[in-house]
Amino acid sequence: GHLDKENLIIKIVFKIPVVLLKRDDSKEAAIEIKPITGLEEAMPVLWDHDQKMQKINFPGSYPHKELFEKRVRQEYEMGAAYFFVYEEEKIVGSLILMAKENPYRRRKYGDIRNIYLEQECRGKGYGTKMLEFADEYFKRQGCSYAFAGIAAHNPASNLLFEKAGYTKTRFILEKEY
């Protein structure tokens, strides 16, 4: 009856923006993901990406360059893999991946340590390509699952990971004094 017609109209109204905003799937996400070959030379770009990422994910934090560089070098020595994301030969993102052992599960897993993409490159499918790359990397390393810590107040990042098949398994809560 009358209610069905209203629902039909609502459905049509809600479908229109999806069609208007839909990305042209005939265009493949045009990025290249390449390993970083010189960590020290890459450090300024990684630091820049880290600062931008912290503004989004940790707005109350104060990035500390020396601590960042120390952590990056330590993780590199522990086997972390560092990648730059290129769009037309320009660095537009970075990815830090690390394969680890979980002694409680007795399984190897992949840890997405950092994922960053420049603002102007978001919404182009690049983040999805980066997570697909991470999946393939971890599988080659013998990992049986992947882990990523993402900020609860970053809805775009949460949606990206959820669309890639990640599920929420735990929460980290904070309380200020």
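- Under the 4.5 Å side-chain heavy-atom criterion for ILVMFWY residues, a single connected hydrophobic cluster contains both Ile112 and Ile33.
- The distance from the CD atom of Glu89 to the CD1 atom of Ile91 is 11.0 Å, given to the nearest 0.5 Å.
- A side-chain contact (heavy atoms from CB on, under 4.5 Å) with Phe84 is found for one member of Leu95, Leu46, Thr37, Val92 and no other, namely Leu46.
- Contact check for Arg73 versus Glu77: no side-chain heavy atoms found under the 4.5 Å cut-off.
- Taking all atoms of both residues into account, the shortest heavy-atom contact from Ser94 to His49 is OG-ND1, 2.8 Å.
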Report task. Show the numbers, then the answer: is there a side chain to side chain contact (heavy atoms under 4.5 Å, CB included) between Met78 and Lys100? Result -> CA-CA 10 Å; Met78 292 171 39; Lys100 298 179 175 181; 5.7 Å; no
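- In this structure, Gln141 and Ala99 approach most closely via the heavy-atom pair CB-CB, 4.0 Å.
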Requested in this report: List the steps, then state whether side chain to side chain contact (heavy atoms under 4.5 Å, CB included) holds for Val85 with Met130.
Outcome: CA-CA 8 Å; Val85 179; Met130 292 168 75; 3.6 Å; yes
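- Remark: Lys90 does not engage Glu87 in a salt bridge, criterion side-chain N to carboxylate O under 4.0 Å.
- If you run side-chain contact (heavy atoms from CB on, under 4.5 Å) between Lys52 and each of Ile56, Asp48, Asp50, only Asp48 comes through.
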Query raised in the report: Is there a side chain to side chain contact (heavy atoms under 4.5 Å, CB included) between Gln51 and Lys65 once you walk through the steps?
Result: CA-CA 9 Å; Gln51 288 180 82; Lys65 187 175 182 181; over 6 Å; no
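- Expressed to the nearest 0.5 Å, how far CG of Asp111 lies from SG of Cys143 amounts to 9.5 Å.
- In terms of modelled atom types and a separation under 3.5 Å, the side chain of Tyr82 and the main chain of Val72 share a donor-acceptor contact.
- Side-chain N or O atoms of Asn158 include none that pairs as donor or acceptor with a backbone N or O of His153 at under 3.5 Å.
- Using a 4.5 Å cut-off between side-chain heavy atoms of Ile, Leu, Val, Met, Phe, Trp and Tyr, with links allowed through other members, Phe83 and Tyr76 fall into different hydrophobic clusters.
- Applying the 6.0 Å contact sphere to NZ of Lys70 captures no more than 12 heavy atoms from other residues, nucleotides or ligands.
- Side-chain contact check for Phe138 versus Lys108: every heavy-atom pair is 4.5 Å or farther apart.
- Here the OG atom belonging to Ser157 is positioned 9.0 Å from the CZ atom belonging to Arg122, to the nearest 0.5 angstrom.
- With hydrophobic clusters built from ILVMFWY side chains whose heavy atoms lie under 4.5 angstrom apart, Ile150 shares a cluster with Leu97.
- In Glu88, the CD atom is not crowded: 12 or fewer heavy atoms of neighbouring residues, nucleotides or ligands sit closer than 6.0 Å.
- Between atom CD1 of residue Ile96 and atom CD of residue Glu75 there is a gap of 6.5 Å, rounded to the nearest 0.5 Å.
- To the nearest 0.5 Å, atom CD of residue Glu69 and atom NE2 of residue His64 are 10.5 Å apart.
- Under the 4.5 Å side-chain heavy-atom criterion for Ile, Leu, Val, Met, Phe, Trp and Tyr, Ile31 and Tyr116 are members of distinct hydrophobic clusters.
- The minimum heavy-atom distance between Thr128 and Leu160, with the atom names listed, is N-CD1, 3.6 Å.
- Note on ring orientation: taking the six-membered ring where Trp is involved, the planes of Tyr145 and Tyr109 are parallel (angle under 30°, cut-offs 30° and 60°).
- Criterion: ILVMFWY side-chain heavy atoms under 4.5 Å apart, direct or through other members. Under it, Leu117 and Val45 are not part of a common hydrophobic cluster.
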